[in-house]
Amino acid sequence: MACFPALSRSLKSISSVSSISLKKFSNSFMIITNYAKMGTSSHSSTISEYLRNDRLDEARRVFDKITSPDVYIYTMLISGYCRNNKTNEALNLFYRMPTRDVVSWNSMIKGCLDNGDLNKAYDLFNQMSERSVVSWTTMVNGFLQFGRFELAEELFECMPSRDIAAWNSMVLGYCRSGRIKDAFNMFKRMPSKDVISWTMMIGGLDQCGKSDEALSLFRDMRGVGVDPTSSTLSSVFTACANISALERGVQLHGHLFKSGYVFDAFISTSLMTFYAKCKQIESCLKVFQENLVSNVVMWTALVTGYGLNGMHEEALDVFKNMMKEGIVPNQSTFVSALNSCCGLEALDRGKEIHTKAIKLGLFLDVFVDNSLIVMYSKCGNLDYGVNVFNNMNEKNLVSWNSIIVGCAQHGGGMLALKYFDQMAQSGVQPDAITFLGLLTACSHSRMLDKGKYVFDLLNRDPSIEVRLEHYASMVDIMGRSGQLKEAEEFIKNMPIKANSMVWLALLSACKLYSNLEVATKAAQYVLDLDPHDSAAYVLLSNLYASACRWNDVSRIRVMMKGRGIIKQRGASWVTLKGSKHVFNSGDISHPLSRKIYQKLDSLSGKLKEFGYVPDQRFDLHDVENEQKEVSLFYHSERLAIGFALVSTVEGSTIRVMKNLRVCGDCHSAIKLMSKIVGRTIIIRDSSRFHHFKDGDCSCGNYW
DNA sequence: CTAGGGTTAG
């Protein structure tokens, strides 16, 4: 209220304007307009044509030639300036106008609002001598858009007359800021509703996560005989998509189809997304193919649809095809395509798409850049992600979260904290994901004190809900530092009940420190809470094995068998020139197998010279239970590295992905290998990235 | 396209 001390007073005087006088006013004005139009119609159409193409300077040149431009032409130009964020030019013209009508005032007010100047807009509004219902609605909308709900309400209540559009503005304003209850009250209060009112309310409910209520409101709407429009149906299909209401959506789709409904791009796109989210990718494709028009949004929906169904190759094919068809991808398309690169862990493909984004001038788009950061870090190239991040003009919460999480996954704990500092300086408020990233960073870099500090910060921020993931991460941090008892106490003192994830973090730490006593308790909790968590069995079994408690080892194995728990088979892969080369332990199926084994054998000789002694414990009962008879030297990650060594340029970075954890013996061997071959070897295992370089690993040997 | 209210991809 502080900004607008005069509101209540001015509203009182304003509200005395009767709707009757407003009507008279606009009628008489229409005559003037039409008269004026006749004299300058040729100029007016030229200017209009220029403005349509945002050629402001040319429009202005024509305008300047007119000796006495009428209100209509002035207003046209003012609106043109406003649309192109040139409020000052618009205002200059506005003040220069010999006479102003209600439309020019309204245009100017809207322009100020669109360019972020609420004060100026309200100033103008107050200066008006005659206001139409549009003036009021524009101003109400302004307050709503700026989150000034009290002012919007006050102004709305003061309106001398309200039409449906005015009411709809209130409903929409509330919906857009998540005030769904207020929106619904307003909706119910409306003296009469049109299809737009219903549509907005349906869409609003859906966007607030109340998709089922949205669908039942749609039923109500049909019950009172209101016919849906394309907008309504789009929102309805989106609601069906959001709650995977396959049957409901299919029914409606069929019904519309049978009634000969003409599907426009909006409905088709929402239908596609509906089918994609319901895992009906064929139907999604069918809608796409059957639609007569196709635009970038529909193509993007198809790219995303394949991505949602895990068909990332297909998604990228669609991305390629759309460009072949001459459709120019936009930010959203790039976001989806890059997301599929993540799904494929295909750094090369990601780079290609990055190059295309640059060519299309989208390299400073915050959404594209955020996706690039995630893509690069997930595909194993944090440096490129950092580079994108550092060059961004505008960074939002997602940008900061992406870079912090990226650093965390790559073991860059200090870097993550550095970015957190910068984030605070930039004034972006952290959220639950930021803190999860920071805690992961501390855990992966074994930073106990920093971790405690971060956790404390999190707890002191009342706006962020501390979730189980945060607790699990904190347990991880304490556990990796060997504070097993403390971690156990911490879990017992949690304000919310720990789940299996939290106890599993403790169990992992017990494995690291061979603490059977705490491990037994932790394992009990994990298995009680989630009897199908195979990780818990594996950890426990390995713990018993390293303590040579073979009876317990076989007891666990029997238990697993009885409960039908199968350990995942270890696999590692390298993506090279778009193809993925997958290796299992002892694999000899790859065409280059002979060369790979030769390479590894010659390397193992050198490894011994560097003092490497194979750790047979991992051979007998390693974390992934790769076949015992297979020598340690041929674990899947080593085969993948061998492949990369014989297929890539000397000195280049090697990137390997693995589905399980790297075994301890491989970890020591790969460290030395990185030194011997003079290569950086980056391995992403099931929980993080390891950067092997010069005989060392970024994980500090705890992972 | 001289002014106010709704829809699709992310």
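Residue numbers begin at 1 in each chain, while the letters A, B, ... track the order of the sequences. If you're wondering where the values come from, they're calculated on a predicted model, not measured in any experiment.
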Between B/dG4, B/dG5, B/dT2, spot the one nearest the side chain of A/Ile164, thanks. B/dG5
May I have the distance from A/Leu144 (atom CG) to B/dG6 (atom C1'), rounded to whole angstrom? 15 Å
So which nucleotide from B/dG4, B/dA3, B/dG5 ends up closest to the side chain of A/Thr137? B/dG4
Contact class for A/Asp264 (heavy atom, under 4.0 Å): base, sugar-phosphate, or nothing? nothing
Heavy-atom donor-acceptor pair, A/Asp194 side-chain to B/dG5 base, under 3.5 Å: yes
Nucleotide nearest A/Thr304 when distance is taken to its side chain, options B/dT8, B/dT2, B/dA9: B/dA9
Considering only heavy side-chain atoms of A/Thr300, the closest of B/dT2, B/dA9, B/dG6 is B/dA9
So, does the side chain of A/Thr273 form a donor-acceptor pair with the base of B/dT8 at under 3.5 Å? no
Using the P atom on both, measure B/dC1 against B/dG6 and round to a whole Å. 15 Å
Is a donor-acceptor pair below 3.5 Å formed from side chain A/Asn330 to base B/dA9, judging by atom type as modelled? yes
Under 3.5 Å, is there any donor-acceptor pair linking the side chain of A/Thr229 to the base of B/dG6? yes
If only side-chain N and O atoms count, and only distance matters, is there a donor-acceptor pair under 3.5 Å linking A/Thr138 with A/Asn141? no
Against the side chain of A/Thr238, the closest entry in B/dT2, B/dA9, B/dA3 is B/dA9
For A/Asn242 and A/Lys277, which I'm curious about, is there any donor-acceptor pair between the side chains at under 3.5 Å? yes
Calculate the interatomic distance between A/Lys110 atom NZ and B/dG5 atom C1'; express it in whole Å. 11 Å
Closest listed nucleotide, where the reference is the side chain of A/Val195 and the choices are B/dG6, B/dA3, B/dG5: B/dG6
Rounded distance in Å - CZ (A/Phe187) to P (B/dG6): 15 Å
Contact class for A/Leu233 (heavy atom, under 4.0 Å): base, sugar-phosphate, or nothing? nothing
By nearest atom, which of the nucleotides B/dG10, B/dA3, B/dG4 is closest to the A/Ala165 side chain? B/dG4
Hey, do the aromatic rings of A/Tyr74 and A/Phe63 have their centres closer than 6.0 Å? yes
What about A/Ser332, does its side chain sit under 3.5 Å from the base of B/dG10 through a donor-acceptor pair? yes
Presence of donor-acceptor pair under 3.5 Å, side chain of A/Thr199 and base of B/dG6: yes
Between A/Thr232 and A/Ser235, do the side chains contain an N or O donor and an N or O acceptor separated by less than 3.5 Å? no
Can you tell which of B/dA3, B/dC1, B/dT7 lies closest to the side chain of A/Phe266? B/dT7
Looking only at the aromatic ring of each residue, does the gap between the centers of A/Phe288 and A/Trp299 stay below 6.0 angstrom? yes
So if I take every side-chain heavy atom of A/Ser230 and compare against B/dG6, B/dT7, B/dG4, which nucleotide ends up nearest? B/dT7
More than 12 heavy atoms of other residues, nucleotides or ligands under 6.0 Å from NZ of A/Lys356: yes or no? yes
To the nearest angstrom, the CZ-P distance between A/Phe263 and B/dT7 comes to 20 Å
What is the nucleic acid contact for A/Asp163, judged by heavy atoms within less than 4.0 Å: base, sugar-phosphate only, or nothing? base
Looking at A/Arg176, does any N or O in its side chain come under 4.0 Å of the phosphate oxygens OP1/OP2 on B/dG6? yes
A/Val103 side-chain proximity, nearest of B/dA3, B/dG4, B/dG5: B/dA3
Please classify the nucleic acid contact of A/Ser235 as base, sugar-phosphate, or nothing, using heavy-atom distances under 4.0 Å. sugar-phosphate
If I take atom CD1 in residue A/Ile196 and atom C1' in nucleotide B/dG6, what distance separates them, rounded to the nearest angstrom? 5 Å
Select base, sugar-phosphate, or nothing to describe what A/Thr232 touches, counting heavy atoms under 4.0 Å on all strands. base
Rounding to an integer number of Å, can you tell me how far A/Met170 CE sits from B/dG6 P? 14 Å
Going by distance alone, is a donor N or O of one side chain under 3.5 Å from an acceptor N or O of the other, for A/Arg60 and A/Tyr81? yes
For A/Asn168 and B/dG6, give me the distance from atom CG to atom C1', rounded to whole Å. 8 Å
To the nearest angstrom, the CE-P distance between A/Met272 and B/dT8 comes to 15 Å
